[in-house]
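Heads up, the thing below is written out as structure tokens.
Convention: sequence-line order gives letters A, B, ...; per-chain numbering from 1. Owing to the predicted nature of the structure, the values given are computational and were not obtained by experimental measurement.
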Amino acid sequence: MAPAAPGIDRDTRLRMHRMMVECRLLEERAQELFFEGLVRGTTHLGIGQEAVAAGFAVAMRDDDYTFCTYRGHNHTLARGVPMAPILAELFGRSTGLLGGKGGSMHLTSVNHGAMGSYAIVGAHLPIALGAAWSAQYRKSGQVAVCFFGDGTTNIGSFHEALNMAVVWKAPVVFVCENNQYMEYTPIGAVTAVARPAADRASAYGLEPIVVDGNDADAVHTVAATAIARARAGEGPSLIEALTYRHGGHSRADPGKYRPDEEVAAWKARDPIPASRERLLAAGVDEATLDAIDEEAAAKVAVAEAEARAAPEPSGETLETQVWADGGSAWRN
Amino acid sequence: MAPAAPGIDRDTRLRMHRMMVECRLLEERAQELFFEGLVRGTTHLGIGQEAVAAGFAVAMRDDDYTFCTYRGHNHTLARGVPMAPILAELFGRSTGLLGGKGGSMHLTSVNHGAMGSYAIVGAHLPIALGAAWSAQYRKSGQVAVCFFGDGTTNIGSFHEALNMAVVWKAPVVFVCENNQYMEYTPIGAVTAVARPAADRASAYGLEPIVVDGNDADAVHTVAATAIARARAGEGPSLIEALTYRHGGHSRADPGKYRPDEEVAAWKARDPIPASRERLLAAGVDEATLDAIDEEAAAKVAVAEAEARAAPEPSGETLETQVWADGGSAWRN
Amino acid sequence: MAELTYRAAIASAITQEMDRDPLVVLIGEDIGAAGGVFKLTEGLLDRFGPERVRDTPISEQAIVGAVMGAAMTGLRPIGELMFSDFFAVAWDMVANQIAKTRYMTDGQIALPLVLRTANGGGLRFGAQHSQSVENWAMAIPGLKVVAPSNPADMHGLLAAAIRDPDPVIVCEHKALFAVKGDLPDGEHVVPLGQAAIVREGADCTIVALAAMVPRAAEAAERLAADHGIDAEVIDLRTLIPLDAAAILASVAKTSRLFTVEENPRVGGWGAEIVALVADEGFYSLDAPLVRITTPHIPLPSAAVLEDLAIPTTDRIVETIVRRLDEAK
Amino acid sequence: MAELTYRAAIASAITQEMDRDPLVVLIGEDIGAAGGVFKLTEGLLDRFGPERVRDTPISEQAIVGAVMGAAMTGLRPIGELMFSDFFAVAWDMVANQIAKTRYMTDGQIALPLVLRTANGGGLRFGAQHSQSVENWAMAIPGLKVVAPSNPADMHGLLAAAIRDPDPVIVCEHKALFAVKGDLPDGEHVVPLGQAAIVREGADCTIVALAAMVPRAAEAAERLAADHGIDAEVIDLRTLIPLDAAAILASVAKTSRLFTVEENPRVGGWGAEIVALVADEGFYSLDAPLVRITTPHIPLPSAAVLEDLAIPTTDRIVETIVRRLDEAK
Ligand SMILES: Cc1ncc(C[n+]2csc(CCOP(=O)(O)OP(=O)(O)O)c2C)c(N)n1
Ligand SMILES: Cc1ncc(C[n+]2csc(CCOP(=O)(O)OP(=O)(O)O)c2C)c(N)n1
Ligand SMILES: [Mg+2]
Ligand SMILES: [Mg+2]
């Protein structure tokens, strides 16, 4: 594992901490709202995995691209997307980030470089590669960062994207959040190697990189290195971040297929208290950290109120935005 | 590379030699018949690659399964499928192996364990895995051998099949015939690693195995080992056989994208003269070998005559064999 | 007669057939220990063991390919695709390999296999987890396609699909999982290719499938009660083989056809039914042939939008009343 | 006016658009150094260099996915799928990602991209290399679909597709590659969504696409010469957007509709056209609506069988004569 970086400054750490706290509080509330019936359909929480999102987000340039999965709330928030339209989208309201058309699994905010959440496992790896190719062609210096799960390493598009990205030296960073499970099946039960991403790196001529995904500093260090490498034209990286989701896979899944001790052990390694400890040890005072918690809670409350107050989408939007002309006409 | 096996007996070598000669002569004639317009559509020759087919075929049990590609004449012949129905299929005649329905790219003879030639790159790897799973479930002791090209290692189904085969310990042997090119593009130009199959083996927890694919003895040795391993319930293998196609990719392709020296160097390593030399050195007399050549030529001539004499398919067969009832009715 | 849900009818049919034939096996993602994400396969691992009920990696091409390879070598495998949208990931295996191999090999290779999948909308899952893909499968020669509308048919048609010597795509509608109904005692098998007349009627024919069947049936009751329109409702049950005779016979009687489909408008199965009747039933018609469909758009996730998109009982009633009125 | 082949019209359109817009790039298998397996992209690498004309590995999912990612970030990429059958391998990228993303993101993401592919039969390539898949694409909301029948349209429609702000699937028919025709001087662009009236006529309407257009046109000449039937022939040119008005106007005049399609019978584009007319054009009809199609089978490879499968001029003539006769 990459060691925790010595050189990360206090401000960066505080930014990461704030991001993690905001993600956590928003998702905890989203979960409650799901049980209240306000969040409809499905939702996949990244509670426990926030350090990956935060560690990368602070290493990215504003114009870099993020591609993530249905478990994408953290990554979307971390790029600076406001909470209210995210919650409103989960509620299916007209002020939702996607006008209610996409839902929890497809959060996207092009203005923030959040280029989409993808709900078919593996699909976004080639798409992220394409964005990186575009940056390379346009010589824009942008980098694409693509997050996906351990289960995703077994699908074909993972393989195709990794190979083509290396051949093209595309500026893309592939980040496997190994949370140990696909939906309900432990990754080890269906994977030929122990480290689903890192043990595949050499198949693409890449270095295996494993990082403690619950340590924002450590994530940040490998992120900064990989992004710099991509930006310098040296090609892609594949990073495996070891982490855990505290809850179930989605919706009401209680995650009972996991041994209690395993859950307890990982919860003891919760990235947010760890970050708090580290900041305290580095001399940040309790009040500053408490203020972050309170501000985040207040932000969530405001966002929730806004989303609750938002109207349902108007029926007129049903048939808009299939085409670039704004409509959906397929005939004259 | 695996060394040429010391222990291969004379009979086995003669069988392999005869297979290679038969393959070669049939394909050379098929090429001429293509230019005469008798072979229609397209055809992909394996001239130069015969040692792979022969080395494996003699290591297989009669009830083992072969899965191969559109470049599958050698593999089909090597399982004992007669020449006449193969040629007739290339001509599109009613006596064709597939009644004229499949064509050159889909040669299949279930009775010979030749479970099909597949024309979409990569598709047959999961299918071969499925046959192996079936053998495992039925405890039949059968093994599936699956041949494919270097270019195929970059498509998603390669990755999915390899991973699942290892997880399931399926009795399947994956054989990459690395003939250095996909269609017209050198494999090195589009692949992240130097050995497209062997350098990927570790991604599935497998040993890298590279063999001289122009040396039938060497191929036979690794084939026997891998098949024994599969039959013993120890799971799949991935073998990379280095070889070369003497001609172009298909039809009238002259293969001009390849450097003359490269072609010359590989032709100098033609597996058939090499096998002949080895047999002579082992004390087989010229006459025996000449007789093999003559018998093969005679077989091809007889098959060609038969295929030429065969009628075109009757129009009545157009709408048969979509369903198991023999017909194609999709409505009442 | 026992009452059970559409959801439970799936495991009951699989159990019936696995008990009967040891060559029947089941694979898919999270189907074993977890019992499936929709709890469709609960209890099967315990009953039949890991050799017959296998969890897979997230590798749809390998799942479908392996099912094909197993079917051609003596098993009768069932593969589950968790959501029907994921057929797209394995479409080569389905459309190019499974559908064509028997024909290409002139009958040498038989593929007695089933691909089961959770199909359809209504759960606010958005565009990539709500599609009705029965029309994709219908357009590929060599695939049979089943889409049951109630628990008894779910059980009986799935059993028939497992016994069928050809590849069958079984669309299990997500919005129907909780629906209850009676299952006849004893072995229950419903032959493929037979539509069911859900309601007899004289004034118009409504052809529906899967989740649209209860809506069409309810619409018919309201048409009778509120508008004096006596509609005949046909549940197609299987798209391939198609019970064309049942449709043509009904239209011969009613002279008017409405189809109610959930898939997007263009190129849906409704167009095929209309085209069939517009040719072979033309002379019995006395009004335009009308398709009631989801618009030609991806499905939105917000509840109000999704409900607007998919045909509702209200929309069916309103359309039929208006179109019959116009035709007077 | 210069004469060129349908094959050459492809490179000429790409050249015209790449000269015009530096954001247009092209990727695919063997398209660069080799100029494509059908020699469709010959000369482009030399002219535009390896940054704009890129060879790929055999990785259709990555090709299509990369095209999508590039399109959403400022390029106007063209991806080639060597044979249209290979759409199946990348169908998730096409049907679930490309087609739905603009809608799912409420218009945030634009996808100005083109996927070109060698489509159709007639070359004895067998079931996995001969399909007509335009009906697969037509059934997916969010895709535009083009299938030119002659060199000038090939050039003009491909140019329009490259300029279009939405994803366009361009079906290049293999059996037409060698066909010659005139290309107007100067920049040539044919707008999407406009059918062409290939022949005016009063007795019946024949709607055709791609390789079926010359056959339908020839059939119409023979119908006139040998049977006194004056057929109007419509070349759809694009399936989506569909020029429904042109079809309805023609049927309003002729009262009779025939469609001629190469894709397998069930769920083909012909069913959609028939369904459209059977609803909106019903009252102008005076005979059954007839589809002339390939049977619902995979395509065989033997020459005699393939020729029997795909509609021929003879079959078109024979069917129209018989069906009009029956309708008298
Ligand atoms: C192609 C495809 N197959 C299956 C699914 C259903 N599915 C959704 S999430 C998931 C598990 C993914 O596991 P992993 O990649 O580890 O990500 P995680 O959910 O753990 O973040 C599965 C199987 C899907 N969405 N797409
Ligand atoms: C999915 C798919 N993509 C592309 C093709 C076209 N194609 C046929 S053969 C071939 C090259 C295959 O190369 P390789 O795997 O090395 O096998 P070889 O032909 O050299 O034996 C290609 C690209 C195809 N048949 N299927
Ligand atoms: Mg996971
Ligand atoms: Mg090769």
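Of the possible polar contacts, none joining the Asn154(A) side chain to the Ser59(C) backbone as a donor-acceptor pair under 3.5 Å is found.
The contact between Ala309(C) and chain A is made by backbone and side chain atoms together, counting heavy-atom distances below 4.5 Å. Interface residue Thr42(A): backbone and side-chain heavy atoms are both found under 4.5 Å from chain C. Of the two parts of Phe86(C), only the side chain, counted from C-beta on, holds a non-hydrogen atom closer than 4.5 Å to a non-hydrogen atom of chain A. Only the backbone of Ser314(A) comes within less than 4.5 Å of a heavy atom in chain C; its side chain stays farther off. Using a 4.5 Å cut-off between heavy atoms, His106(A) touches chain C through its side chain atoms alone. Neither the backbone nor the side chain of Arg331(A) has a heavy atom closer than 4.5 Å to any heavy atom of chain C.
No other option in Gln128(C), Gln61(C), Arg124(C) has as many heavy-atom pairs under 4.5 Å with chain A as Gln128(C). Heavy-atom pairs under 4.5 Å with chain A were tallied for Ala62(C), Ala88(C), Pro300(C); the largest tally goes to Pro300(C). With chain C as partner, the option from Lys256(A), Glu312(A), Gln321(A) having the largest number of non-hydrogen pairs under 4.5 angstrom is Glu312(A). Put simply, of Ala189(A), Gly92(A), Gly315(A), Pro313(A), the one with the most heavy-atom pairs under 4.5 Å next to chain C is Pro313(A). For the set Val89(C), Asp55(C), Val266(C), the count of heavy-atom pairs under 4.5 angstrom toward chain A peaks at Val266(C).
Ser301(C) and Glu89(A) get closest at one heavy-atom pair: OG-OE2, 4.4 Å. Of all heavy-atom pairs spanning Leu308(C) and Leu318(A), the tightest one is CB-CD2, 3.9 Å. The nearest pair of heavy atoms linking Thr56(C) to Met182(A) is O-CE, 3.6 Å. Here the closest heavy-atom approach between residue Met105(A) and residue Phe125(C) is recorded as CE-O, 3.3 Å. When every heavy atom of Ile120(A) is checked against every heavy atom of Asp85(C), the shortest pair comes out as CD1-CB, 4.4 Å. Scanning all heavy atoms of the two residues, the minimum distance from Ala303(C) to Arg40(A) falls at CB-NH1, 2.7 Å.
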- Message: Evaluate Glu60(C) against Ile155(A) for side chain to side chain contact (heavy atoms under 4.5 Å, CB included), listing each step before the verdict.
- Response: CA-CA 8 Å; Glu60(C) 278 78 7; Ile155(A) 201 160; 3.4 Å; yes
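Other residues, nucleotides and ligands place more than 12 heavy atoms under 6.0 Å from the CD atom of Glu326(C). Under a cut-off of 6.0 angstrom, the local environment of NZ in Lys39(C) is crowded, with over 12 non-hydrogen atoms contributed by other residues, nucleotides or ligands.
A distance of 12.5 Å separates CD1 of Ile58(C) from CZ of Phe158(A), quoted to the nearest 0.5 Å.
Put simply, the side chain of Tyr70(A) does not reach to within 4.5 Å of the side chain of His129(C), judged on heavy atoms.
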